Amino acid sequence: MKMSKLFVQTLREFPSDAEVVSHKMLGRAGFIKKLAPGVYTYMPLMWRVLKKVENIVREEMDKAGAQELLMPFVQPKELWEESGRWEVYGRELMRLKDRHDRDMCLGPTHEEIITSVARDNLKSYKQLPVNLYQIQSKFRDEIRPRYGLLRGREFIMKDAYSFDIDEAGLDKEYENMALAYKKIFERCGLATKMVQSDSGAIGGSVSHEFMVITDTDAGENDVFYCNECDYSANSNHAVSKLPDAVVDGKDYFSKKEILDTPSTHSIEELSAFLKIPSTLILKSLVYIVDKKPVIALIRADKAIEETKLMNAAGGIEIRIASAAEIAELMQEKGFNAEPGFIGPNGMENIKIIADETVYNMKNFVVGINETDKHLVGANLDDVLPKDVIKADIRLVEQGELCPVCGRPLSVTKGIEVGNIFKLGTKYSKPMNAVYTDINGKTHPYVMGCYGIGISRTAAAAVEAHHDEHGIKWPLAIAPYHAVIVPVNIQDEAQMSVANALYEVLKNAGVEVVLDDRDERAGVKFKDADLIGFPFRITVGKTISEGLVECKIRESGELIKLTPEEAKQNIIDAVLSLQ
RNA sequence: CGGGAUGUAGCGCAGCUUGGUAGCGCACCUCGCUUGGGACGAGGGGGUCGCACGUUCAAAUCGUGUCAUCCCGACCA
């Protein structure tokens, strides 16, 4: 490809609406063009990158024994009603009506469709196991799309679904997919961590996420991991060893009594007022889970992990209660307490969930639903109702101890580029998707699902590989392998070497761009760095010595060699990709 | 949906306080000059100033409303 013909426009400045590195770089280097919030045109360079990621995914999925198909992204409401998700999925589902006023949606994921395909075609145990996948655009009406391709409303995803006769089969396929994923991300030039995670709206029991670890702002997930063993988990799922109960060994409240604690609305104020560590306070928080109030109890120095709490409460939507909702709850229960003085007493018919940390507290301080008062010297029997739910709802903090080996946990930011779920019979059961076993009896398939964000993976690669000058594409997913820059296109000696190199590389199967523009060298160098060609061959003044320069984008290394050597180096690098 | 900000040419911005012929840089077109890290000069094309209503002789500028976009929280590949 001649640079003068390449359909790309690089910009002198970063787009003003871009926040994270990949969005800034991809916008400025002319890879993407925004059409609407979270909706982007993939310009030719971007599309080449995406096709490369797709092909790596495709090759590894095929190698792992999966079969590619393509399902519609326009889907009828009926299937979503069968699974129960027409209601549950909420406003994230892009809904539309056809001309007959029939409800449809644009597919955010395809469990419903694949399950219906399977139940019509997979009748016998002899046909199982099978793993089907597709690569296509997905639609999710995100509350707040942002970060460019990292969180779009329309994005490209590979989704795979496995069908097995039993759990053992699923376990095996799950391992198989985990290995394939590892290979895929390695081939894309990305270091990933496989971490335990919550299974979220898609459902199921066990799930892992593949995280690109990054120090940029784009990492939306906190990943806790152990340096000593291989434990790692998303913060929404991470656990740690239960912290010790007592802090400094002193016995603060041996006697149970109600004390005046005026204006102590926060834990800080209360612990300062009573001159006690916050580990001696039982914190009561009101959440709204599926529109109903839930009270969460936890030792006051710890924070609530909302996803864990939501799961413990058996809900699908959670948020902290507003001041007005708390006031309403208090009024309903006949109390007069402001936030800061809430407690579990007298909360009949309200779900109360107590974190594990609560259970090794003694002689502690707790709110009693009376403003400006707290009960001190309280114990579990005094405050916990009979039907309290004990659960781990604690947000793990850095330095807490690994649940497996007991060493301190570290935390880092991660971009989720893929995940794998054990679905079990979550979809096959309600949708009556069954096979017949050897005895003629029917059973629901045991399913798994496996996603990779193709466009997100490409953006994550930019997050992981860039410098202040631009992108440093890993060779395997770079839009082109190399660019040839003749410094001065008026110079016949330079041009003839550049042209010859261009032809020979092209014929050898190297994807190469010849920068034949009549621009000053600086402009071409800036563009080469910004676009991120892994190799740049400069044909300039050293041509009088019979040498060209080869610059390696990733390392910045610059070597002078003959055109023949430069050619061979690049061909070798490209050939070593497989 | 709550909180904050912004809408002026493809991109980045000024002008608005104090109403009076819509500007700058980049990009684009022409010519000259230049050619190893985003040169320079001259000329040129492109905008109903987000939209609506109002105030006024006159609105990018003032007022009201509305729409959109971006940022901070809950969602997720």
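First the proteins, then the strands, lettered A, B, ... as listed; each starts at 1. The figures here come from the full heavy-atom set of this structure, side chains too, leaving out hydrogens, waters and symmetry mates. Fair warning: this is a prediction, and the values are worked out from it, not measured in the lab.
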*For the side chain of A:Arg456 and the base of B:C76, is some donor closer than 3.5 Å to an acceptor across the two?*
yes
*asked:* Any base atoms under 4.0 Å from A:Glu19, or only sugar-phosphate, or nothing? Heavy atoms, all strands.
replied: sugar-phosphate
*May I ask you to check whether over 12 heavy atoms, not counting those of A:Gln67, lie within 6.0 Å of atom CD?*
no
*asked:* Base, sugar-phosphate or nothing for A:Gly30? Non-hydrogen atoms, less than 4.0 Å.
replied: nothing
*Is A:Val417 touching bases, backbone alone, or none of the nucleic acid, heavy atoms closer than 4.0 Å?*
sugar-phosphate
*Round to a whole Å and report the spacing from CD of A:Glu220 to C1' of B:C71.*
14 Å
*Rounded to the nearest angstrom, tell me the gap between atom CZ in A:Arg151 and atom C1' in B:C72.*
14 Å
*Counting heavy atoms from C-beta on, name the nucleotide in B:A77, B:A74, B:G12 closest to the side chain of A:Glu306.*
B:A74
*Determine which nucleotide pairs with B:U30, using a 3.5 Å limit on both distances of a Watson-Crick or G-U wobble pair.*
B:A42
*May I have the distance from A:Ile32 (atom CD1) to B:G10 (atom P), rounded to whole angstrom?*
19 Å
*Separation between the C1' atoms of B:C75 and B:U55, rounded to whole Å*: 45 Å
*Carefully, step by step, assess A:Phe155 and A:Lys138 under the rule side chain to side chain contact (heavy atoms under 4.5 Å, CB included).*
CA-CA 5 Å; A:Phe155 58 97; A:Lys138 292 282 187 282; 3.6 Å; yes
_Measure OH/A:Tyr147 against C1'/B:C76 and give the value in whole Å, please._
13 Å
*Mind calculating the distance between CZ (A:Phe7) and P (B:C28) to the nearest angstrom?*
13 Å
*Just how far, in rounded Å, is P of B:C75 from CG of A:Leu93?*
17 Å
*Could you tell me the separation between the CD1 atom of A:Ile318 and the C1' atom of B:G73, rounded to a whole number of Å?*
14 Å
*Between A:Tyr181 and B:A77, does any side-chain N or O lie under 4.0 Å from OP1 or OP2?*
no
*When you match A:Asp518 and A:Glu416 each to their closest nucleotide on RNA chain B, which lands nearer the 5' end?*
A:Asp518
*Quote, to the nearest angstrom, the P distance that separates B:A60 from B:C26.*
27 Å
*Could you tell me whether A:Glu13 contacts a base, only the sugar-phosphate backbone, or nothing, with contacts defined as non-hydrogen atoms closer than 4.0 Å?*
base
*Is the phosphate of B:C72, meaning OP1 or OP2, less than 4.0 Å from a side-chain N or O of A:Arg146?*
yes
*Any strand is fair game: report the nucleotide pairing with B:G36 by Watson-Crick or G-U wobble, both distances under 3.5 Å, or none.*
none
*Determine the interatomic distance between C1' on B:A42 and the same-named atom on B:C33; round to the nearest Å.*
11 Å
*Taking atom C1' of B:G10 as reference, at what distance in whole Å does atom CZ of A:Phe14 sit?*
18 Å
*Taking the P atom of each, how far is B:G4 from B:U8, in whole Å?*
22 Å
*Could you tell me whether A:Gln490 contacts a base, only the sugar-phosphate backbone, or nothing, with contacts defined as non-hydrogen atoms closer than 4.0 Å?*
base
*Taking atom types as modelled, find out whether A:Glu305 and A:Asn236 have a side-chain donor-acceptor pair closer than 3.5 angstrom.*
no
_Would you measure the distance from the P atom in B:C49 across to the matching atom in B:G44 and give it in whole Å?_
24 Å
*How does each nucleotide of nucleotides 37-45 of chain B score, in 5' to 3' order, for protein heavy atoms under 4.0 Å: base (B), sugar-phosphate only (S), or none (-)?*
BBB------
*Could you pick out which residue, A:Gly451 or A:Ala18, lies toward the 5' side of RNA chain B when each is mapped onto its nearest nucleotide?*
A:Ala18
*Can you tell me the Watson-Crick or wobble partner of B:G23, both distances under 3.5 angstrom?*
B:C13
*For atom P, what is the distance between B:C16 and B:A74, given to the nearest Å?*
40 Å
*Name all residues meeting the side-chain hydrogen bond (donor to acceptor under 3.5 Å, both in side chains) criterion together with A:Ser83; count only those two or more places apart in sequence or in a different chain, and write none if there are none.*
A:Glu112
*asked:* Taking the C1' atom in each of B:G41 and B:G36, what is the distance between them to the nearest angstrom?
replied: 23 Å
*Quick one: list whatever passes salt bridge (charged side-chain N to carboxylate O under 4.0 Å, His left out) with A:Lys5, sequence neighbours left out.*
none
*With both distances under 3.5 angstrom, what nucleotide forms a Watson-Crick or G-U wobble pair with B:C70?*
B:G4
*Nucleotide paired to B:U55 in any strand shown, Watson-Crick or G-U, under 3.5 Å*: none
*Examine B:C70: is either OP1 or OP2 under 4.0 Å from a nitrogen or oxygen in the side chain of A:Lys34? Give yes or no.*
yes
*Parallel, tilted or perpendicular for A:Trp47 and A:Tyr42, by the 30°/60° rule?*
parallel
*Please state the C1' separation for the pair B:G47 and B:U21 - nearest whole angstrom.*
15 Å
*Which residues share a salt bridge (charged side-chain N to carboxylate O under 4.0 Å, His left out) with A:Asp17, sequence neighbours left out*: A:Lys34
*CD on A:Glu416 to OG1 on A:Thr192, rounded to 0.5 Å*: 12.0 Å
*For A:Ser16 and B:G12, is the shortest distance between a side-chain N/O and OP1 or OP2 below 4.0 Å?*
yes
*Residues two or more places apart in sequence or in another chain: which of them pass ring pair (Phe, Tyr, Trp, His ring centres under 6.0 Å) with A:His110?*
none
*Name the pairing partner of B:A77, where a pair is Watson-Crick or G-U wobble with both distances under 3.5 Å, or state none.*
none
Just list the side-chain donor-acceptor pairs under 3.5 Å for residues 521-533 of chain A, sequence neighbours left out, or say none.
{"residue": "A:Lys524", "atom": "NZ", "partner": "A:Pro486", "partner atom": "O", "Å": "2.9"}
{"residue": "A:Lys524", "atom": "NZ", "partner": "A:Asp515", "partner atom": "O", "Å": "3.3"}
{"residue": "A:Lys524", "atom": "NZ", "partner": "A:Arg517", "partner atom": "O", "Å": "2.9"}
{"residue": "A:Asp527", "atom": "OD1", "partner": "A:Thr10", "partner atom": "OG1", "Å": "2.8"}
{"residue": "A:Asp527", "atom": "OD2", "partner": "A:Arg517", "partner atom": "NH1", "Å": "3.1"}
{"residue": "A:Asp527", "atom": "OD2", "partner": "A:Arg517", "partner atom": "NH2", "Å": "3.1"}

